[in-house]
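Inspection log for the structure reproduced underneath, given as structure tokens.
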Amino acid sequence: MSRSPCSSDAVRTAAVVNKEIRDLWQRSGGCLSPEDEEQYQRLLVEWAAATGGSARTAA
């Protein structure tokens with residue numbers, strides 16, 4: 001079960017969050033349900049916070 005990015009637990013690393021994002025996409029077969037899309041959006045916010053804005057975009 002995933003934790004909320006707003007939980008009082010320690011902040012997860014970008015690598016850990018990225019793995020959860022990859023697992024979500026793999027489980028969904030590349031087609032996210034509305035519930036999966038909500039989880040994906042939360043994970044993206046958590047991942048962005050974990051990277052501190054230092055992530056590069058694909059060219």
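Across all their heavy atoms, Thr13 and Ala50 have their closest contact at C-CB, 4.0 Å. The two residues Leu24 and Leu32 make their nearest non-hydrogen contact at CG-CD2, 4.1 Å.
In the hydrophobic clustering of this structure, Trp25 groups with Trp47; members are Ile, Leu, Val, Met, Phe, Trp, Tyr whose side-chain heavy atoms approach within less than 4.5 Å, directly or through other members.
Partner of Glu20 under the salt bridge (charged side-chain N to carboxylate O under 4.0 Å, His left out) criterion, chosen from Arg12, Arg27, Arg42: Arg12.
Under 4.0 Å is where a charged nitrogen must lie from a carboxylate oxygen, and between Lys19 and Asp23 at least one such pair does.
Using modelled atom types and a 3.5 Å distance limit, the side chains of Gln39 and Glu35 yield no donor-acceptor pair.
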